Amino acid sequence: MSLKSLLHWSYIFPLLSLAYYFFGVVDDNAWLATLGSLLLISSVLAAVHHAEVVAHKVGEPFGTIILAIAITVLEVGLIVSLMVAGGKETSTLARDTVFAAVMLILNGILGACLLVGGLKFKEQFFARTSGNMALISLVAIVVMTLILPNYTTTELSATFSKAQLIFFSVSSLVIYSTFLMVQTVRHRNYFLPENDDEPHAEPPTNVESILSLIFLLICLGVVVVMAKSLSPTIESVVHNLGAPQALVGVIIAAVVLLPEGMAAIKAARRNQFQTSLNLALGSAIASIGLTIPCVAVVSIIYEMPLVLGLDIKSMVLLALSLYTVMLSLSRGKTNILYGVVLLVNLLAYIFTVIVP
């Protein structure tokens, strides 16, 4: 690679963001906090760029899987680090974060893709079977991990016993692993995009692809650690506005999911809704299917309480979101109405977080 290529903004800004974080820049200064926010956004944009390079090299659906799993692993790292540091006070952190991620993905990312694609192309087409497979996997994991804890009787309400936690964690991993095998091997053709209105560029070299993969991981790590470092500032703003503390989790989840969201929306603008669907639903399944088992292990090792069951309001909103997505994807083609309804669902979720 040439020196000019190495001086590309997608390499420079993540390194500047790392320097900002590791040199311990004080975030309680408004100007420095603003600088940190700008560097955070630049790292998100760089992550999207490197994800597209890797996806171009390995092809679909492997490119979307790499991005989904990478972000989920870093999301798990953030949750686990906060759980260990916070102790018993963080018993609902995993549930709140996973629920926020699922709601943001189903209503926000998928809704935005449907709206953008509908505005530009009126209708977009995708393999209905791929959506059904993903939704079946997602619904099974969601019900077992976020709803069933409210109705078991071995332990207190909204919690699993140790045996139950192990069983349902393994069940989540089995479902996710099977879905991944179906997506990449057995029925890979269901997840391949059919439409591609963009001219095909030359695939990146092996060196460029490896470097982009490395910087993708760096960018995602920067997004997580800077979101964590900026969280006191976010908490202060939320507190000053008089909003509930739960809004902080929604904001941090939104920041962590920005790379996936932007990549999915860009795919929809290229008339590749299948890629958008792979990113959105694949990320939702990975987010809950991998996160719950990981936090379960931490909970068992450190003997920390883990509350997973949602309250009634959250279960109603979750059911509404899943049902709306199922109907939106039932015909194999999209239009603008589906996107608008999902985005309104998202606003309803965020509004009820602020005004419970």
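The residues of the chain are indexed from 1 along the displayed sequence. Heavy atoms only: backbone and side chains are in, while hydrogens, waters and symmetry mates are out. Fair warning: this is a prediction, and the values are worked out from it, not measured in the lab.
Heavy atoms only, all atoms of each residue included: A94 and L306 are closest at CB-CD1, 4.1 Å. In this structure, Q124 and Q272 approach most closely via the heavy-atom pair NE2-N, 4.2 Å.
Inspection of the Q274 and S130 side chains reveals an N or O donor paired with an N or O acceptor under 3.5 Å. Counted by atom type alone, K57 and N206 present one or more donor-acceptor pairs between their side chains at under 3.5 Å.
Residues V307 and V297 fall into different hydrophobic clusters, defined by Ile, Leu, Val, Met, Phe, Trp and Tyr side chains chained together at heavy-atom separations under 4.5 Å. The cluster map of Ile, Leu, Val, Met, Phe, Trp and Tyr, joined by side-chain heavy atoms under 4.5 Å apart, puts V298 and I300 in the same cluster. Hydrophobic clustering of Ile, Leu, Val, Met, Phe, Trp and Tyr side chains at less than 4.5 Å, counting indirect connections, unites L310 with L322.
Taking the six-membered ring for Trp and the full ring otherwise, the centers of Y11 and H50 sit less than 6.0 Å from each other. You'll find the ring centres of F126 and F191 outside the 6.0 Å limit.
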| Verdict with supporting geometry, L106 and L346, side-chain contact (heavy atoms from CB on, under 4.5 Å) | CA-CA 9 Å; L106 290 179; L346 175 66; over 6 Å; no
| query | Is there a side chain to side chain donor-acceptor pair (under 3.5 Å) between N132 and T129 once you walk through the steps? | reply | CA-CA 5 Å; N132 291 339; T129 307; 5.5 Å; no
| Hey, mind stepping through V53 and L213 against side-chain contact (heavy atoms from CB on, under 4.5 Å) and telling me if it holds? | CA-CA 8 Å; V53 173; L213 179 59; over 6 Å; no
| task | Start with the C-alpha gap between V341 and L114, add the side-chain angles, then the distance that decides, and say whether side-chain contact (heavy atoms from CB on, under 4.5 Å) holds. | result | CA-CA 10 Å; V341 173; L114 287 164; over 6 Å; no
| field | side-chain contact (heavy atoms from CB on, under 4.5 Å) assessment of N107 paired with L347 | value | CA-CA 9 Å; N107 297 299; L347 293 177; over 6 Å; no
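Scanning for side chain to side chain donor-acceptor pair (under 3.5 Å) contacts around S137 gives an empty result, with sequence neighbours left out.
S328 is listed as a side-chain neighbour of T324, based on a closest heavy-atom distance under 4.5 Å.
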